[in-house]
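The chains referred to below are lettered A, B, ... by the order of the sequence lines, with proteins before strands, and numbering in each begins at 1. Keep in mind that the numbers below use all heavy atoms, side chains included, and drop hydrogens, waters and symmetry copies.
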There are 2 protein chains.
Amino acid sequence: MATGRTHRPATRSRGIPEATVARLPLYLRALTALSERSVPTVSSEELAAAAGVNSAKLRKDFSYLGSYGTRGVGYDVEYLVYQISRELGLTQDWPVVIVGIGNLGAALAGYGGFASRGFRVAALIDADPAMTGKPVAGIPVQHSDDLEKIIHDDGVSIGVIATPAGVAQQVCDRLVAAGVTSILNFAPTVLSVPDGVDVRKVDLSIELQILAFHEQRKAGEEAGGENAPETGAETPAAAVPPAPRSTGGGRKGPDGDVPAVMPA
Amino acid sequence: MATGRTHRPATRSRGIPEATVARLPLYLRALTALSERSVPTVSSEELAAAAGVNSAKLRKDFSYLGSYGTRGVGYDVEYLVYQISRELGLTQDWPVVIVGIGNLGAALAGYGGFASRGFRVAALIDADPAMTGKPVAGIPVQHSDDLEKIIHDDGVSIGVIATPAGVAQQVCDRLVAAGVTSILNFAPTVLSVPDGVDVRKVDLSIELQILAFHEQRKAGEEAGGENAPETGAETPAAAVPPAPRSTGGGRKGPDGDVPAVMPA
DNA sequence: ATTTGTGAACACGTTCACAGCG
DNA sequence: CGCTGTGAACGTGTTCACAAAT
């Protein structure tokens, strides 16, 4: 889900589908757990259950990687761990910089999942001079003046942005100019990046809003039979409901509780 | 992307497509920014640019909500803000509990985007007695013994899990048993929930791994002509590459650097 | 003259169901 | 017989391109 100008218009590559790539880490995690318990093989059914997908999807996914797996038996856990790790590029170590060491940046710096496999926090960067030198999660914070130098010296190609939204684009631009080609954005903004740079975003409020949508729908369905677009408004007249300039009487959405306040 | 047992097998509802729902918060954010700058109307082209999508997609998305917008003119900003807010259920206030007040939980508690629109942190809950009563982001942490009571008293239907992976499922089970029907999971585990409960997950290491995949691909393409599955291994012989039990010579993935170590 | 709203075409993703192999 | 691997069917999401509206 690369945001910004990153659109590959129907890449002709016979590569792995994006949806599959997004599930490989899930499989890898499940497999790693099995590996730690010294389980030698798994069936697609078992592994799928552990990863929270259905077995047909899993088999299809694996078929893009090649014919690992043995009919009548299942998949060799260790072998699959290796193959998926390799496919994901986790056999090499990726140095990562985190920019913006506020609450969230600090939490990310201390997150165990980082160091676990393939990733290494190369540097923590913040614009606040008061932070410079202060160790966070055991790593001293560096000042953003040195951003370019750090990126270069450590050969960083992945950057994590945990700054306020207002400065995220500038930080992004500097990261990209310095050679970063993959960005994980926690700031609630759309980032614009040149072609060839991947951006993925993690956005708390978007996730909550999607949940709220479904939550609301549940509340509506709970009583209604077919479809109940009625906003079971707990709050009476929440906000001033504006209206567009319109004359005719064409259908305007599912009406229901569209207020009759229609200024000419 | 609800994980767990939450699969709606081809919902017949004439509702809004999931992909569209996932973009509504994006539009809403862009529109809110315009609203604050007192911009009265936007064209699909402008708004799409601001939201980081293309205009055809945006118009199609809006068409599912109804025929807001005026041909030849564009969309009324205020009206659209209201309509999307209503559709997302943000005209009512959603109390949210955050369980697990470690670094991440604390960061989430302090996150501005929470309170911004529609959401309110009803309680912070942690299992550590030493945390109980301690204010985090201005809210006193409560002990997890009281989880059920808190959920009930505040009518909470959305829960955020920011605990270690090991306890995430138990926390989830308790939340669900207490009446929570939407969960945002930051713990790196697959959660199992009964039907009717929505789970969305935010997983740092999965996002990084997806970026690493593309990053690796870029490194390969940069020199190779067609396809270069060569792992540009910085690290020599990263790990012992296992192999499956196999006799024949059928194609086994894209070979390339599949090691010739094949134990019988 | 613009810009929306939308059928139709296309691309992508998922599921089915079974052939093929061990 | 069991389980993988995969073509084919199906469903969802995206893009195109243009008629309709103001």
A.B. asks: Please report the distance, rounded to the nearest Å, between CG in B:L58 and C1' in C:dT6.
C.D. replies: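 It works out to 14 Å between those atoms.
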A.B. asks: Got a sec, which residues hit side chain to side chain contact (heavy atoms under 4.5 Å, CB included) with A:N54, two or more places apart in sequence or on another chain?
C.D. replies: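 Partners of A:N54 under the side chain to side chain contact (heavy atoms under 4.5 Å, CB included) test: A:A56, A:K57.
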A.B. asks: Any donor and acceptor pair, going by atom type alone, linking the side chain of B:W94 with main-chain N or O of A:Q209 inside 3.5 Å?
C.D. replies: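 No, B:W94 side chain to A:Q209 backbone: no donor-acceptor pair under 3.5 Å.
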A.B. asks: Can you run down the salt bridge (Lys or Arg N to Asp or Glu O under 4.0 Å) pairs that involve residues 37-47 of chain B, sequence neighbours left out, and say none if there aren't any?
C.D. replies: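 Non-adjacent pairs meeting salt bridge (Lys or Arg N to Asp or Glu O under 4.0 Å): zero.
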A.B. asks: For the pair A:D203 and B:R29, find out whether any cationic side-chain nitrogen is under 4.0 Å from an anionic carboxylate oxygen.
C.D. replies: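 Between B:R29 and A:D203 there is a salt bridge, with a charged N closer than 4.0 Å to a carboxylate O.
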A.B. asks: Going through the distances and angles, do A:F62 and A:Y68 end up as a ring-ring contact (aromatic ring centres under 6.0 Å, His included)?
C.D. replies: CA-CA 8 Å; A:F62 284 179; A:Y68 313 137; 8.2 Å; no
A.B. asks: Can you tell me the distance, in whole Å, between the CD atom of A:E18 and the C1' atom of C:dC12?
C.D. replies: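 That distance rounds to 12 Å.
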A.B. asks: Please report, rounded to the nearest Å, how far the P atom of D:dC3 is from the NZ atom of A:K57.
C.D. replies: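 Distance, rounded to whole Å: 22 Å.
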A.B. asks: For B:F62, report the nucleic acid contact type (base, sugar-phosphate, nothing); a contact means any heavy atom under 4.0 Å.
C.D. replies: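 It contacts nothing in the nucleic acid.
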A.B. asks: For the side chain of A:S67, counting heavy atoms from C-beta on, which of D:dT6, C:dG22, C:dG5 is nearest?
C.D. replies: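 It is D:dT6.
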A.B. asks: Is there any protein nitrogen or oxygen under 3.5 Å from a nitrogen or oxygen in nucleotides 18-20 of chain C, and what are the pairs?
C.D. replies:
residue: C:dG20; atom: N3; partner: A:R71; partner atom: NH1; Å: 3.2

A.B. asks: Quick one: is B:S44 getting a side-chain N or O under 4.0 Å of the C:dT3 phosphate, OP1 or OP2?
C.D. replies: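 For B:S44, the contact criterion (side-chain N or O under 4.0 Å from OP1 or OP2 of C:dT3) is not met.
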A.B. asks: Tell me the closest heavy-atom pair linking A:L88 and B:Q216, and the distance in Å.
C.D. replies: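 Answer, listing the atom of A:L88 first, then B:Q216: C-NE2, 3.8 Å.
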A.B. asks: Roughly how many Å is it from OH in A:Y68 to C1' in D:dT4, rounded to a whole number?
C.D. replies: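 Those two atoms, OH and C1', are 15 Å apart.
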A.B. asks: Between the side chains of B:Q169 and B:T189, is a donor N or O closer than 3.5 angstrom to an acceptor N or O?
C.D. replies: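 B:Q169 vs B:T189: no donor-acceptor pair found between side chains.
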A.B. asks: Let me know the distance between CD of B:E45 and C1' of D:dT15, rounded to the nearest Å.
C.D. replies: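 So the two atoms are 13 Å apart, to the nearest Å.
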A.B. asks: Considering just the side-chain nitrogens and oxygens of B:N54, establish if one lies under 4.0 Å of OP1 or OP2 belonging to D:dT15.
C.D. replies: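 Indeed, a polar side-chain atom of B:N54 lies that close.
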A.B. asks: A:Y75 has an atom OH; how far is it from atom P of C:dG22, in whole Å?
C.D. replies: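 Going from OH in A:Y75 over to P in C:dG22 covers 14 Å.
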A.B. asks: Between C:dA17 atom P and A:K60 atom NZ, what is the distance in whole Å?
C.D. replies: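 Value for this atom pair: 14 Å.
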A.B. asks: Take the protein atom CG of A:L24 and the nucleotide atom C1' of C:dG13, then report the distance between them rounded to whole Å.
C.D. replies: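 Value for this atom pair: 15 Å.
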